[in-house]
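Numbers restart at 1 for each chain; the letters A, B, ... are given by sequence-line order, proteins then strands. Model, not experiment: these values are computed from the prediction. Both backbone and side-chain heavy atoms feed into the values below; hydrogens, waters and symmetry mates do not.
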Number of protein chains: 2
Amino acid sequence: MARATKPDCKPADHRGAARHLPVNPEAMDRAAAIFRALSEVPRLRILALLSQGPSCVSELAAAEGEDLSTISQRLRVLRAERLVKRQRAGKHINYSLADQHILDLVFNALAHASEAPAAAAAASEPSPSAKKGKSR
Amino acid sequence: MARATKPDCKPADHRGAARHLPVNPEAMDRAAAIFRALSEVPRLRILALLSQGPSCVSELAAAEGEDLSTISQRLRVLRAERLVKRQRAGKHINYSLADQHILDLVFNALAHASEAPAAAAAASEPSPSAKKGKSR
DNA sequence: AGAACAGTTGAACAGATGTGCAAGTGTTCT
DNA sequence: AGAACACTTGCACATCTGTTCAACTGTTCT
């Protein structure tokens, strides 16, 4: 059982920090679930589409060049996290963002994305000794 | 080839919307990747821990009751998205949030999570006909 | 009622991802 | 130099998730 070996490295060495988390497990679960729903480009695209106004499934499908089933499944995920809501309108069902709040989330991520090129976490440390070229 | 069948449902029926997305593919990719990194509770917990100040891997491992390897892998994911940064301090390596910006993201999600109970997207439609009990 | 349209849902598959173990790298201490 | 500590990385395995096809539900039109 992976119990961590208590190291000689005490919190005080760095700062006074690392007492137990202030966030409750439930909130964490929800947040993680929301992030997971947002973690796929196709779903993000749907939100982008919906940010311009409500659309029915067929419309989204046409815009994305996908079939209804696929779009419906994606919407299902988004709906499960209350990111979008739906409303019947005769034969079709219109989807729309649950609230503008959600766009903040996406814009925030987008903003962070632009700040750093992200990716394979390369050169960033001061590199104290600056060894010669790394192979990988 | 799942080409969508163009329906009789034209955009104008709902609103004037659904022209092509205003967001570029690259940004979407990044955003999705960031969200994916945030989509697991264990990683969220690490961020929560780091929000209280820098910690070394051993410290995080001890706090979470996990082994170094596991924590290291999680940090790797977070680092790949530039959510955390590291800095050597002698024998240990201190990790810290890349910037406070990130907490906004999490708090935003947390906020949204509290707003709605989320989950299995149940009763929400006005239920026009309110048919009797659904079997499933 | 029956046909056609609009979506949803279930199941099967493939690809992606987290976890944990073992082995490897970089630092400090003796 | 060698030993011990602090991490990181490669791998294998089990799990999860997205996509797609087929079948089913709900609406509107004739």
Side-chain angles (χ1 to χ4, degrees), chain A residues 1-10 13-14 32-33 36-37 39-46 55-62 64-80 86-95 120-121 125 127-131 134-136, chain B residues 1-10 13-14 32-33 36-37 39-46 55-62 64-80 86-95 120-121 125 127-131 134-136:
Chain A
M1 258 301 143
R3 224 85 250 295
T5 59
K6 198 64 179 175
D8 68 349
C9 150
K10 294 151 297 179
D13 290 349
H14 317 283
R36 182 160 42 247
S39 72
E40 295 270 320
V41 174
R43 285 195 291 260
L44 243 28
R45 291 174 61 92
I46 288 179
S55 301
C56 66
V57 184
S58 318
E59 208 173 341
L60 294 170
E64 293 296 300
E66 306 271 4
D67 60 68
L68 295 194
S69 181
T70 301
I71 298 296
S72 186
Q73 296 279 25
R74 289 176 186 159
L75 287 168
R76 199 171 78 76
V77 175
L78 292 173
R79 208 159 71 87
R86 64 178 174 181
Q87 184 183 27
R88 273 212 98 106
K91 221 187 309 193
H92 350 91
I93 297 179
N94 279 2
Y95 277 83
E125 251 113 296
S127 199
S129 50
K131 285 278 170 61
K134 332 203 69 161
S135 51
R136 105 142 39 194
Chain B
M1 257 296 148
R3 224 84 249 295
T5 60
K6 198 63 179 176
D8 69 348
C9 151
K10 294 150 297 179
D13 290 349
H14 318 282
R36 182 160 40 247
S39 71
E40 295 270 320
V41 174
R43 286 195 291 260
L44 242 30
R45 290 173 62 92
I46 287 180
S55 301
C56 66
V57 183
S58 318
E59 208 173 342
L60 294 170
E64 294 295 301
E66 305 271 6
D67 61 68
L68 295 193
S69 180
T70 301
I71 298 297
S72 186
Q73 297 278 25
R74 289 177 187 157
L75 287 167
R76 199 171 76 77
V77 174
L78 293 173
R79 207 159 71 88
R86 64 178 174 181
Q87 184 183 26
R88 273 212 98 106
K91 222 190 301 194
H92 353 90
I93 297 178
N94 279 1
Y95 278 82
E125 252 114 293
S127 198
S129 50
K131 286 278 170 60
K134 328 204 70 161
S135 52
R136 84 138 54 178

Peer 1: To the nearest Å, give me how far apart CZ (A/Arg86) and C1' (C/dT9) are.
Peer 2: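 That distance rounds to 11 Å.
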
Peer 1: Yes or no on salt bridge (charged side-chain N to carboxylate O under 4.0 Å, His left out) for B/Glu66 and B/Arg74, after CA distance, side-chain angles and deciding distance?
Peer 2: CA-CA 11 Å; B/Glu66 305 271 6; B/Arg74 289 177 187 157; 3.6 Å; yes

Peer 1: Less than 3.5 Å between a donor and an acceptor, one on the side chain of B/Gln73 and one on the base of D/dT9, is that the case here?
Peer 2: no

Peer 1: Between A/Arg79 and C/dT8, is there a side-chain N or O to OP1/OP2 distance below 4.0 Å?
Peer 2: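 No.
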
Peer 1: To the nearest Å, how far apart are B/Asn94 CG and C/dT27 P?
Peer 2: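 So the CG-P distance, B/Asn94 to C/dT27, works out to 15 Å.
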
Peer 1: Would you kindly give the CG-to-P distance between A/Leu68 and D/dC24, to the nearest whole Å?
Peer 2: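 Computing the A/Leu68:CG to D/dC24:P distance gives 18 Å.
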
Peer 1: Test your reading of the model: is there a side-chain donor-acceptor pair from A/Arg43 to the backbone of A/Arg36, 3.5 Å cut-off?
Peer 2: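 Yes, because the side chain of A/Arg43 sits within donor-acceptor range (under 3.5 Å) of the backbone of A/Arg36.
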
Peer 1: Whole-Å distance between D/dT19 P and A/Leu75 CG?
Peer 2: 12 Å

Peer 1: As a test of reading the structure: which of D/dT20, C/dT28, C/dA22 is closest to the side chain of B/Lys91, going by heavy atoms?
Peer 2: C/dT28

Peer 1: Can you tell me which nucleotide in C/dT9, D/dC21, C/dG26 comes closest to the side chain of B/Arg88?
Peer 2: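 Given the options C/dT9, D/dC21, C/dG26, the side chain of B/Arg88 is closest to C/dG26.
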
Peer 1: Measure distances between side-chain N and O atoms of B/Glu66 and base N and O atoms of C/dG20, and say whether any donor-acceptor pair falls under 3.5 Å.
Peer 2: no

Peer 1: Between the protein and nucleotides 16-18 of chain C, which nitrogen or oxygen pairs are less than 3.5 angstrom apart?
Peer 2:
from: C/dT17; atom 1: OP1; to: B/Arg36; atom 2: NE; distance (Å): 3.3
from: C/dG18; atom 1: OP1; to: B/Arg43; atom 2: NH1; distance (Å): 2.6
from: C/dG18; atom 1: OP1; to: B/Arg43; atom 2: NH2; distance (Å): 2.6

Peer 1: Just the rounded figure in Å: distance from C1' of C/dT19 to CG of B/Asp67.
Peer 2: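 Going from B/Asp67 (CG) to C/dT19 (C1'), I get 9 Å.
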
Peer 1: Does the side-chain contact (heavy atoms from CB on, under 4.5 Å) test come out yes or no for B/Tyr95 and B/Gln87, once each step is laid out?
Peer 2: CA-CA 6 Å; B/Tyr95 278 82; B/Gln87 184 183 26; over 6 Å; no

Peer 1: Should A/Asn94 and A/Cys56 be marked as a side-chain contact (heavy atoms from CB on, under 4.5 Å) after you check the CA-CA gap, both sets of side-chain angles, and the distance that decides it?
Peer 2: CA-CA 4 Å; A/Asn94 279 2; A/Cys56 66; 3.5 Å; yes

Peer 1: Going by modelled atom types, is there a donor-acceptor pair between the base of D/dT9 and the side chain of B/Ser69 at under 3.5 Å?
Peer 2: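 When only heavy-atom distances are counted, B/Ser69 does reach the base of D/dT9 through a donor-acceptor pair under 3.5 Å.
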
Peer 1: Counting only N and O atoms by type, is there a donor-acceptor contact under 3.5 Å from the side chain of A/Gln73 to the main-chain atoms of A/Thr70?
Peer 2: no

Peer 1: Between A/Tyr95 and C/dA6, does any side-chain N or O lie under 4.0 Å from OP1 or OP2?
Peer 2: no

Peer 1: Please walk me through it: do A/Leu75 and A/Leu60 pass side-chain contact (heavy atoms from CB on, under 4.5 Å)?
Peer 2: CA-CA 10 Å; A/Leu75 287 168; A/Leu60 294 170; 4.0 Å; yes

Peer 1: When you match B/Ser72 and A/Gly90 each to their closest nucleotide on DNA chain D, which lands nearer the 5' end?
Peer 2: B/Ser72

Peer 1: Find the distance B/His92:NE2 to D/dA4:P and express it as a whole number of Å.
Peer 2: 18 Å

Peer 1: So, does B/Glu64 use its side chain to make a donor-acceptor pair with the main chain of B/Ala61 at under 3.5 Å?
Peer 2: no

Peer 1: For A/Arg76 and C/dA11, give me the distance from atom CZ to atom C1', rounded to whole Å.
Peer 2: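 My rounded result for the distance is 13 Å.
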
Peer 1: For the side chain of A/Thr70, counting heavy atoms from C-beta on, which of D/dT19, D/dA6, D/dT8 is nearest?
Peer 2: D/dT19

Peer 1: Write down the distance between CD1 (A/Ile93) and C1' (C/dC5), rounded to a whole number of angstrom.
Peer 2: 12 Å

